[in-house]
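For reference, the structure discussed in these notes is given below.
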There are 2 protein chains.
Amino acid sequence: MESRIERIKKQLHGASYKLTPQREATVLVLLENEEDHLSAEDVFLLVKEKAPEIGLATVYRTLELLTELKVVDKINFGDGVSRYDLRQEGASRFHHHLICIECGKVAEIQEDLLGDVEKIVESRYGFSVKDHWLTFHGICENCKSAGNDSKK
Amino acid sequence: MESRIERIKKQLHGASYKLTPQREATVLVLLENEEDHLSAEDVFLLVKEKAPEIGLATVYRTLELLTELKVVDKINFGDGVSRYDLRQEGASRFHHHLICIECGKVAEIQEDLLGDVEKIVESRYGFSVKDHWLTFHGICENCKSAGNDSKK
DNA sequence: CTAGATGCAAAATGTTTGCACTAGA
DNA sequence: TCTAGTGCAAACATTTTGCATCTAG
């Protein structure tokens with residue numbers, strides 16, 4: 001069985017991009033931090049541990065490239081920073097997010113809850129949906145049971 | 001019957017903010033361009049026509065304030081700019097957007113299509129939803145019928 | 001009158017670009 | 001070999017902040 005990183009590398013190669021050590025290190029960092037929502041700066045610092053000579057610009061260029069290949073999605077949670085989130089292999093839609101307004105935690109929902117909604121959008125608004133972007137803001141389970149009322 | 005701007009002014013006042021001419025002009029501009037998704041710079045230029053002495057920093061500060069009061073929502077469509085979108089009066093949830101990947105047009109859906117989905121999120125993930133943010137990417141009716149295949 | 005609001009300019013942030021150099025295929 | 005990729009620094013764009021001044025309440 002082929003590993004995920006192998007497949008991503010092949011994808012890069014298939015689009016006739018070169019497989020440089022910097023790109024490999026960047027992909028590796030993303031895979032190792034799949035749960036997180038890293039900013040370009042975050043990725044840069046982590047990649048630097050593996051490949052100290054890497055420049056921030058290369059990280060930006062690599063992340064842009066991976067976004068183009070749909071390996072990652074570039075997201076923006078409202079702070080001024082772009083973050084990068086690995087897409088499930090083969091997924092045609094971006095997964096949903098739950099952001100807790102108490103503790104700030106970001107959780108992911110991998111199942112697609114929008115099938116019916118997309119049908120409505122297609123029929124009622126004549127819009128062909130190719131992808132979606134859904135984020136909920138609210139109180140997560142932890143904060144709810146903790147009765148955590150500490151206003152920020 | 002009270003006008004919308006009156007009510008917004010009262011809301012400002014109610015939160016013990018002062019009613020300055022600059023703030024009034026900014027709110028007016030937002031109301032007059034309800035259909036658009038203006039950036040801070042856009043708002044600044046439009047407000048300048050009414051109140052030439054206004055500074056960009058004041059526009060930013062006013063928009064932040066209106067976001068806090070839930071009069072507008074601050075959104076980010078992936079270009080590096082924040083945009084500001086008037087919320088329907090009294091709406092507890094932000095409305096949905098349709099972005100056409102052919103022509104770039106942004107349309108709005110005012111009806112809330114996520115009632116059932118929120119119920120699932122609450123019961124299945126224990127997450128109390130307070131607000132949501134939903135954007136669809138795809139092909140709008142116009143581009144579809146025009147067979148508009150011109151990439152980008 | 002006085003705290004809050006403003007305008008301006010400077011600073012901070014995040015991201016992109018130009019260019020000479022390097023190295024995958 | 002030869003073009004795509006890299007690192008660095010400078011350039012950019014957007015947003016925030018400090019401060020002296022002004023003004024709504």
Are any protein N/O atoms closer than 3.5 Å to N/O atoms in nucleotides 11-13 of chain C? If there are, list each pair with its distance.
none

Between [atom2] of [N] and [atom1] of [X], the distance in whole Å:
X	N	atom1	atom2	value
A/Asp79	D/dT14	CG	P	18 Å
A/Leu12	D/dA4	CG	C1'	13 Å
B/Leu63	C/dA5	CG	P	15 Å
A/Ile54	D/dG5	CD1	P	14 Å
B/Glu53	C/dA9	CD	P	15 Å

So how far is it from [X] [atom1] to [Y] [atom2], rounded to the nearest 0.5 Å?
X	Y	atom1	atom2	value
B/Tyr17	B/Leu65	OH	CG	5.0 Å
B/Glu108	B/Gln88	CD	CD	8.5 Å
B/Asp85	B/His37	CG	NE2	4.0 Å
B/Cys140	B/Ile99	SG	CD1	12.0 Å

So among A/Phe136, A/Trp133, A/Phe77, which one has a ring-ring contact (aromatic ring centres under 6.0 Å, His included) with B/Trp133? A/Trp133
In plain terms, say whether [X] and [Y] are close enough for a salt bridge, that is, a side-chain N and a carboxylate O under 4.0 Å apart.
X	Y	value
A/Glu34	A/Arg4	yes
B/Lys130	A/Glu102	no
A/Lys74	A/Glu68	no
B/Lys48	B/Glu53	no
A/Arg87	A/Asp131	yes

So for the helix from C/dC1-D/dG25 to C/dA25-D/dT1, with five pairs setting each end axis, what is the inter-axis angle to 10°? 40°
What string of B, S and - do you get for nucleotides 15-25 of chain D 5' to 3' if you count protein non-hydrogen atoms under 4.0 Å? BBBB-----BS
Is the number of heavy atoms from other residues, nucleotides or ligands within 6.0 Å of CD (B/Glu35) greater than 12? no
